[in-house]
Number of protein chains: 2
Amino acid sequence: MTRNRKTARATKIPDVVIDRLPLYARCLALLQSRRQEVVSSTELASMSRVTPAQIRKDLSYFGRFGKQGRGYNVGQLLGELWRILGLNRDWRLALIGVGKVGRAILEYDGFASEGFHVVQAFDVDHQMVGQKLVSVTIRHVSELEQRLLKDPVDIGIVAVPAVEAQAVVDALVRCGVKAILNYAPLRPHRPPDVELRQIDPVLALQSMTFYLKALKGPAKRR
Amino acid sequence: MTRNRKTARATKIPDVVIDRLPLYARCLALLQSRRQEVVSSTELASMSRVTPAQIRKDLSYFGRFGKQGRGYNVGQLLGELWRILGLNRDWRLALIGVGKVGRAILEYDGFASEGFHVVQAFDVDHQMVGQKLVSVTIRHVSELEQRLLKDPVDIGIVAVPAVEAQAVVDALVRCGVKAILNYAPLRPHRPPDVELRQIDPVLALQSMTFYLKALKGPAKRR
DNA sequence: ATCTGTGAATTGATTCACAGCC
DNA sequence: GGCTGTGAATCAATTCACAGAT
């Protein structure tokens, strides 16, 4: 494990920086699949829609991965980012709520291909309990804590209606889950050491309409 | 239309502020459904997980909606936010890509209930063309521009594989679409006057693993 | 007594610009 | 000549703190 010294290890790394790293990793993976060996911050910038200076500064929090006059080695930088983000291992997830959204998540193959495996699934609907969907047997949500304590997961995915989301988050927290991906349209309370990310397409739509409103009318012909 | 004077109309309103407004609107709607008439910035803060000062400052970009010593009238403030965001009308959407993700979007009823109606749907798969899903007939993507120019929409939803996403975005832009919700795992280029929001759960997961990695092992029992 | 609205102060993030290396 | 890594400078967002309204 080649550890780069002279690096600002002490500095608290801003969350926004962490949020951008997976984006860089994705671009690098694309470059790697094209057999490109070297990339400059400028090229990476045009792919990721981030400025070159920002990319360089972001990376500098973790080490000195580039070569002056040349750029970054694609494979090596990708490896570093994987290491930093912990992407070179699999992660176990529990899904709570197997309604429309939950089912789409289970059937979506974009998670597993990146190492995120839904290994447990829960729902309130007794009809669904016992059904097997994509190699996961659905259990009743009342068994959640018991099963999660016995067979822990790293990340919880909340896909229940808004009114139930807080209770589910609380249960996950009690089970020691430290990261939650929430699809419910509500921002749940949780302890500061529990990471939370919201997936909220309606909020996204509702903020875009602000800018549309300014325009004359509904989508005009050119 | 009561227009509040003395307001900083000239100031460019930061995008982050716009992004928070729908969140406030949602909290207010919840309060309204509970028949609560008045709310303070502090109470709204605990619901939305934003600080009271930030809420007050955000709102101050648009007017003076509160009463000192009392707070905000729930119904009135909600009305103002609807007006500001353009939520008191319906919006027409086109969905491109009716695979797993696209189908989930079509079947999800959380869009329509907020006034966002998918009125057109496209896919490359000829098998799907002609099928009717949730009151929308799927058309072939080659007809996209023709149909969108004839029957314009306000917002495009991109739910195609990453490799095709840029071409779809380009086509939407040519049709005059000024707002795009993108589910493809890639940040497409677009002109500066076209709003774009990403829905990217994998990126969200990948940034959370950074914080998990620091912890001892996979979710431990307490 | 309470709570808003807002300049001022602060904190945080981004960009600049250039020394140093390839 | 080209490109990284990084302090310094700039720009942006958040928080403070209090005057003023009810």
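Predicted, not measured: the structure shown is a model, and the values here were computed from it. Below, chains carry the letters A, B, ... as their sequence lines are ordered, and counting in each starts from 1.
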Discussion item. Surrounding CD of B:Glu107 (heavy atoms of other residues, nucleotides or ligands, distance under 6.0 Å), is the total greater than 12?
Written reply: yes
Worksheet item: Atom CD1 of B:Ile13 and atom CG of B:Asp58: how far apart are they, to the nearest 0.5 Å?
Response: 10.0 Å
Practice prompt. Please tell me which of the listed nucleotides, C:dT4, D:dG7, C:dC22, lies nearest to the side chain of A:Gln68?
Written response: C:dC22
Worksheet item: Between the side chains of A:Ser207 and B:Arg197, does any donor sit under 3.5 Å from an acceptor?
Response: yes
Worksheet, complete the sentence: Between NZ of A:Lys67 and P of D:dG2 the distance, given in whole Å, is 20 Å
Worksheet entry | DNA chain D contacts made by residues 30-47 of chain A, counting heavy atoms under 4.0 Å | A:Ser40, A:Ser41
Discussion item. With hydrogens left out and only the distance checked, is there a donor-acceptor pair under 3.5 Å joining B:Arg56's side chain and the base of C:dG5?
Written reply: yes
Discussion item. Measuring from atom CZ of A:Phe116 to atom CG of B:Leu205, what distance do you get when rounded to the nearest 0.5 angstrom?
Written reply: 5.0 Å
Item to complete: Kindly point out which of D:dA13, D:dA8, C:dT6 is positioned nearest to the side chain of B:Arg64?
Response: C:dT6
Fill in: Any A:Gln54 side-chain nitrogen or oxygen under 4.0 Å from OP1 or OP2 of C:dT14
yes
Discussion item. Distance check, rounded to the nearest 0.5 Å: B:Arg26 atom CZ versus B:Leu21 atom CG?
Written reply: 13.0 Å
Discussion item. Rounding to 10°, can you tell me the angle the first-five-pair axis of the helix from C:dA1-D:dT22 to C:dC22-D:dG1 makes with its last-five-pair axis?
Written reply: 10°
